[in-house]
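The figures that follow rest on heavy atoms only: side chains count, while hydrogens, waters and symmetry mates do not. Source: prediction; values computed, not measured. To find a chain, count down the sequence lines: A is the first, B the second, and so on, and within it residues start at 1.
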2 protein chains.
Amino acid sequence: MYNENDFHYLYATMNTNATDLYQSWLSSLQNSGYRLTETRRALVEILAASSHALSAVELYDLGRRECPRLGLVTVYRTLEKLEELGLIQRVHQPGGCHMYLRAAQGHQHLLLCTACGRAEYFDGDDLSTFMNSVADQSGFDVRDHWLQLFGLCQQCRDHDL
Amino acid sequence: MYNENDFHYLYATMNTNATDLYQSWLSSLQNSGYRLTETRRALVEILAASSHALSAVELYDLGRRECPRLGLVTVYRTLEKLEELGLIQRVHQPGGCHMYLRAAQGHQHLLLCTACGRAEYFDGDDLSTFMNSVADQSGFDVRDHWLQLFGLCQQCRDHDL
DNA sequence: CAGATAATGACACTCCTTTTCATTTACACC
DNA sequence: GGTGTAAATGAAAAGGAGTGTCATTATCTG
């Protein structure tokens with residue numbers, strides 16, 4: 001079962017995609033006039049590599065491994081900047097709504113494993129037909145949507161039997 | 001624009017549907033061994049009649065009109081019980097995730113007006129085809145989903161013209 | 001290398017929510 | 001209808017998450 005304190009689940013080793021993401025996030029920060037500090041690099045690296053949505057405290061604990069002097073305030077401020085730049089986004093789950101994950105690209109939607117907490121994006125079919133029919137029936141001018149799916153990821157299904 | 005303190009928007013006069021809901025919620029509470037107090041009736045009445053998701057404090061302020069001695073603690077406990085019974089559910093919005101609304105029935109999904117805050121349910125087309133295709137592609141065993149649409153409701157569109 | 005200023009971490013503070021506890025109230029039973 | 005028991009209430013206090021303040025440190029520019 002998913003254990004919030006088991007960082008093995010929270011922080012996978014960095015793969016090529018994550019490295020690209022890491023570099024591009026650093027560029028984004030720099031292009032927006034933000035400085036690249038050791039602390040910030042560490043936090044960005046963790047977030048870019050994470051396969052799970054992270055809370056501020058989880059990120060704080062992970063960050064302190066590399067920067068023992070890290071303060072929780074810095075974590076909040078870093079999350080704030082990354083969200084402002086559209087690089088990460090908040091993830092809402094039944095258990096809590098203050099977790100952060102790399103932002104969706106285009107029409108991606110979120111798949112969350114209820115057992116291990118893993119978060120994945122999938123490229124959603126276009127839902128605009130559906131949305132238009134809703135708009136017609138309701139009188140709403142639909143401008144945005146959130147779609148999240150919950151279930152068991154491949155690994156957790158395998159473990160179960 | 002939507003003003004949190006303007007209760008006219010938050011608490012419409014009770015219509016027939018709301019009365020039915022109110023009565024059935026009271027029965028649910030009673031059937032589960034909970035007692036029907038004056039305070040509880042008032043809070044249930046407000047929630048059943050509300051066209052907007054309400055925060056604890058909003059419910060508190062509305063409740064105090066009928067029960068001036070009402071405490072905020074009671075509001076939290078009442079929300080807890082109603083949620084436990086599946087009568088209300090939390091609504092997650094960009095601005096906050098601690099608002100409550102009557103629970104969705106069956107395959108209903110949520111429509112939220114970003115201008116006035118009005119919340120409506122619509123009977124969603126069955127998304128199971130879509131979900132199956134996601135399951136096939138991702139390896140996830142999809143068990144549940146959240147779908148929320150954001151936009152402008154009819155009234156707010158008219159006002160904006 | 002030096003100056004300007006962004007970023008940091010410690011501390012204090014606010015806001016939302018939960019816990020504790022004495023009092024009040026609803027319901028079941030007689 | 002009274003009466004007893006246990007749930008429900010409200011006040012006060014405690015807990016936790018997130019935000020401001022400020023002196024110090026670090027980054028980037030020139």
Open item on the list: Atom CD of residue position B:Glu38 - does it have more than 12 heavy atoms of other residues, nucleotides or ligands inside 6.0 Å?
Closed with: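 No, not enclosed.
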
Taking only N/O atoms, report every protein-nucleotides 12-18 of chain D pair under 3.5 Å with atom names and distance.
unit_1	atom_1	unit_2	atom_2	d
D:dG18	OP1	A:His98	ND1	3.3
D:dG18	OP2	A:Tyr76	OH	2.3
D:dG18	O5'	A:Tyr76	OH	3.3

Between [X] and [Y], which heavy-atom pair has the shortest distance, and what is it?
{"X": "B:Gly139", "Y": "A:Gln154", "answer": "CA-OE1, 3.4 Å"}
{"X": "A:Cys116", "Y": "A:Cys113", "answer": "N-SG, 3.5 Å"}
{"X": "A:Trp146", "Y": "B:Pro94", "answer": "CH2-N, 3.8 Å"}
{"X": "B:Leu110", "Y": "B:Tyr121", "answer": "CD1-CE2, 3.4 Å"}

Strictly distance-based, threshold 3.5 Å: is any side-chain N or O of [X] a donor or acceptor partner for the main-chain N or O of [Y]?
{"X": "A:Arg35", "Y": "A:Arg40", "answer": "no"}
{"X": "B:Gln23", "Y": "B:Asp20", "answer": "no"}
{"X": "A:Gln108", "Y": "A:Gln105", "answer": "yes"}
{"X": "B:Arg90", "Y": "B:Cys97", "answer": "yes"}

Task: Overall bend - the helix from C:dC1-D:dG30 to C:dC30-D:dG1, comparing terminal axes fitted on five pairs, nearest 10 degrees - done: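 The helix from C:dC1-D:dG30 to C:dC30-D:dG1 shows an end-to-end axis angle of 50°.
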
Open item on the list: With a 6.0 Å cut-off on the ring centroids, do A:His145 and B:His109 count as close?
Closed with: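 Ring-ring flag for A:His145/B:His109: false, centres at least 6.0 Å apart.
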
Whole angstroms only, please: what is the [atom1]-[atom2] distance between [X] and [N]?
{"X": "B:Glu84", "N": "D:dA7", "atom1": "CD", "atom2": "P", "answer": "14 Å"}
{"X": "B:Leu43", "N": "D:dG10", "atom1": "CG", "atom2": "C1'", "answer": "13 Å"}
{"X": "B:Glu80", "N": "D:dA8", "atom1": "CD", "atom2": "C1'", "answer": "13 Å"}
{"X": "B:Arg64", "N": "D:dG10", "atom1": "CZ", "atom2": "C1'", "answer": "11 Å"}
{"X": "B:Leu29", "N": "D:dA7", "atom1": "CG", "atom2": "P", "answer": "15 Å"}
{"X": "B:Arg40", "N": "D:dA7", "atom1": "CZ", "atom2": "P", "answer": "12 Å"}

Open item on the list: Students should find this one: the first and last nucleotides of DNA chain C, 5' to 3', lying under 4.0 Å from a heavy atom of chain A. What are they?
Closed with: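 Under 4.0 Å from chain A, the extent on DNA chain C is C:dT5 to C:dC11.
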
- [ ] State whether the distance check finds a donor on one side and an acceptor on the other, under 3.5 Å, for side chain B:Arg77 versus base D:dG10.
- [x]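 Side chain to base: pair present.
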
Task: Side-chain N,O (B:Thr37) to OP1/OP2 (D:dT9) below 4.0 Å - done: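 Affirmative; the distance criterion is met.
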
Task: Side-chain donor-acceptor contact under 3.5 Å, A:Tyr100 with A:Glu58 - done: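 No, A:Glu58 and A:Tyr100 have no side-chain donor paired with an acceptor closer than 3.5 Å.
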
TODO: Check every strand shown and say whether A:Arg35 touches a base, only sugar-phosphate, or nothing at a heavy-atom separation below 4.0 Å.
DONE: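 Base contact.
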
